[in-house]
Amino acid sequence: MARHLITSALPYINGIKHLGNMVGSMLPADVYARYLRQRGHDVLYICATDEHGTPAELAAKEQGLPVDEFCAQAHDAQKAVYDGFALAFDYFGRSSSPENREITQHFARKLNENGFIEERAIRQVYSPTDGRFLPDRYVEGTCPHCGYDKARGDQCENCTRVLDPTDLINPRSAISGSTDLEVRETKHLFLLQSKLENEVREWVARHDKDWPQLASSIAHKWLTEGLHDRAITRDLDWGVPVPADTWPELAAEGKVFYVWFDAPIEYIGATKEWADQDPENRDWKSWWYEADDVRYTEFMAKDNVPFHTVMFPATELGIREPWKMVDYVKAFNWLTYYGGKFSTSQKRGVFTDQALDILPADYWRYFLIANAPESDDSSFTWEHFTATVNKDLADTLGNFVNRVLSFSKKRFGDEVPAGGEAGEAENRLGEEIARLLAEYEEHMEALQFRKAAAALRALWSAGNSYLEEKAPWLQIKTDKDAAALTLRTAMNLIHLYAVVSEPLIPATSAAMRQAFSLQQDTAVWVTPDEAKSLTAVPAGTPFTVPPVLFAKLTDEDLAAYKERFGGEGA
């Protein structure tokens, strides 16, 4: 089978991420990785915390911690949340690792050897109050494009335009708040993207037919505006140091690489971290270097797309070495909170740790994938969340499982009943399940997550329709064997649901599967042809009734959520 390399946008280190971050990168990547593993592919899903740059230093300063200690604690806190969401990373690394430092410095040296890095004297914001140069996010002010008054010196959070600190109107120091700022001359390294523009343009054009329109259109927008040479070093205490063997003067001044230069390289660095844990059995380079047999898929929200479709490809092309470049970029729009932006910095919306405090992960995993912002921005509201949980999870799936197992236990005992041979209704059901399963597979292969969730929901609904048609609670009164057949067929549907629902709701899938004491339950996936027969759970198999899979959310729950987090107009 194919080898699949999967990465999702690196979550930044300064704080727990919100639901928009989760659905825009890590969760769909996990769903896809789980699906591919079940289909027998060799999968490596890599992610990491993005730990360099000014926000890390500022957050550490705010907490009164050394930046390395702050990052170590924040990494562990984020990893605990992702474990809670059952994100099955093969490795979750750190961009501050020695491996990332080594590879980033190698990339920089090769770019320099190939004539794509230039040392330039530039004029940069300096704060006499703070006694230091202020790189990008250490400067805040008003965006010249949209007027947002909390824009940062590298990018406006409101309109997403990339900025330089000197672009800001009414700039101020993010450290002290001082507006007593000067512009002084200093030296930095520049990546000569302008010399690589045509190569990047040709590379992007080769993917036009494959990539989603969102990813392709953003890449072309940047290319249409033209690639400008970009400073790739900063005056910071925390980051990948400029190597002294190549740039001794800048190294002596303590320059480090810009976070957006080293962060994408951390995908490779994290893979090496993974391999270094078991070097005898793991070959990190086979996934990244001359890796023609690897299909590489990236997951990210639209604000990250330019860096991964234009800037990092320019870096890889300029190295002139056969490093693996992305094959498919799955880009997402934004999940909003009642129409307004989720915001880590402004603490608006539901954050992932808060979500897990309220309800188990599968509630969130299903809702987010079923409403993934693929074609447009989508809005999170507590009303929509409650309705989806109650209709899809509690009623359609959970109630089906509970009704079937509880009724069978009451009337036939603790083993799957036998009943007669499958009849016309069972044959029709098998055909319908096979059709819907093929549709589900098609959407998963195409990375169409909302459609995949809809197909999965249709699979669950088919079981309910069959149960209503056969009505075993009526059959039992006149034909016990017919009722037994219906229940045995429905139990086989539960087992099928357990297998194929695992990418979206892994904990619930495990609970459904564990309800049956099968001696050899080796099913990794169920093909459409196998689904037609519905015979994986034979008569006589012991079973138990699991606890309620999904609790229905009440009006009181809804009111409590809105009181805690805000609702309309939040």
Side-chain angles (χ1 to χ4, degrees), residues 391-437 440 456-502 505 508-523 525-552:
K391 181 181 178 182
D392 294 359
L393 296 178
D395 288 345
T396 304
L397 178 61
N399 189 45
F400 175 79
V401 172
N402 184 264
R403 278 202 300 170
V404 168
L405 297 180
S406 296
F407 186 74
S408 187
K409 179 181 177 64
K410 180 179 179 181
R411 291 307 187 98
F412 293 97
D414 296 333
E415 293 183 351
V416 176
E421 295 295 319
E424 181 184 347
E426 287 70 36
N427 292 333
R428 278 191 283 107
L429 174 66
E431 292 292 335
E432 176 71 356
I433 292 296
R435 182 186 68 80
L436 292 171
L437 184 55
Y440 177 54
L456 183 60
R457 181 170 58 246
L459 277 165
W460 300 341
S461 294
N464 283 276
S465 297
Y466 169 76
L467 205 62
E468 291 300 319
E469 176 190 349
K470 296 298 290 292
W473 49 90
L474 298 178
Q475 289 178 314
I476 195 77
K477 297 176 181 179
T478 58
D479 190 340
K480 194 171 182 179
D481 280 348
L485 168 63
T486 299
L487 292 169
R488 189 184 78 233
T489 303
M491 290 186 189
N492 272 278
L493 280 177
I494 293 171
H495 185 267
L496 181 143
Y497 296 161
V499 176
V500 303
S501 302
E502 193 266 347
I505 48 172
T508 306
S509 292
M512 288 190 285
R513 195 157 182 164
Q514 290 163 7
F516 302 103
S517 299
L518 290 168
Q519 288 186 345
Q520 289 189 332
D521 188 5
T522 58
W525 190 251
V526 182
T527 68
D529 282 343
E530 291 170 339
K532 290 179 182 179
S533 63
L534 294 172
T535 57
V537 183
T541 300
F543 73 90
T544 57
V545 182
V548 173
L549 297 182
F550 294 99
K552 293 196 74 166

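Residue numbers start at 1 and run along the sequence shown. The shown structure was predicted, so the numbers you read here are calculated from the model rather than taken from an experiment.
- In this structure, the side chain of Asn464 engages the main chain of Trp460 through a donor-acceptor pair within 3.5 Å.
- At least one donor-acceptor pair closer than 3.5 Å links the side chain of Tyr497 to the backbone N or O of Leu459.
- Applying the side chain to side chain donor-acceptor pair (under 3.5 Å) test to Thr486 and every residue at least two apart in sequence or in another chain returns Lys470, Gln475.
- The nearest pair of heavy atoms linking Ala536 to Leu518 is O-CD2, 4.0 Å.
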Please list every donor-acceptor pair under 3.5 Å in which a side-chain atom of residues 406-421 meets a protein atom from a residue at least two apart or in another chain.
| residue | atom | partner | partner atom | Å |
| --- | --- | --- | --- | --- |
| Ser406 | OG | Asn402 | O | 2.8 |
| Lys409 | NZ | Asp414 | OD1 | 2.6 |

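- Residues Leu397 and Ile505 form a side-chain contact, since some pair of their non-hydrogen atoms from C-beta on lies under 4.5 Å apart.
- Atom CG of Leu534 sits about 10.0 Å away from atom CG of Asn427, to the nearest 0.5 Å.
- Considering all non-hydrogen atoms of both residues, Pro528 and Ala434 come closest at O-CB, 3.2 Å.
- Note: Ile476 CD1 to Leu487 CG = 7.0 Å, rounded to the nearest 0.5 Å.
- When all heavy atoms of Arg513 and Asp521 are compared, the closest pair comes out as NE-OD2, 2.9 Å.
- A donor-acceptor pair is defined here as one N or O able to donate and one able to accept, closer than 3.5 Å; such a pair exists between the side chain of Glu426 and the backbone of Gly423.
- To the nearest 0.5 Å, atom OG of residue Ser501 and atom OH of residue Tyr440 are 6.0 Å apart.
- When Leu456, Leu436, Ile433 are each tested for a side-chain contact (heavy atoms from CB on, under 4.5 Å) with Val500, only one passes: Leu456.
- When all heavy atoms are compared, the tightest approach of Thr544 to Leu405 is O-CD1, 3.8 Å.
- The shortest distance between side-chain heavy atoms of Leu437 and Trp525 falls below 4.5 Å.
- Classified by interplanar angle (parallel below 30°, tilted 30° to 60°, perpendicular above 60°), the ring pair His495/Phe516 is perpendicular.
- For Trp473, the side chain to side chain donor-acceptor pair (under 3.5 Å) test picks out no residue, with sequence neighbours left out.
- Across all their heavy atoms, Leu549 and Ala511 have their closest contact at CD2-CB, 4.1 Å.
- Looking at Glu431 and Arg428, no side-chain N of the basic residue comes within less than 4.0 Å of a carboxylate O on the acidic one, giving no salt bridge.
- Of the possible polar contacts, none joining the Ser509 side chain to the Val499 backbone as a donor-acceptor pair under 3.5 Å is found.
- When every heavy atom of Gly463 is checked against every heavy atom of Leu493, the shortest pair comes out as CA-CD1, 3.6 Å.
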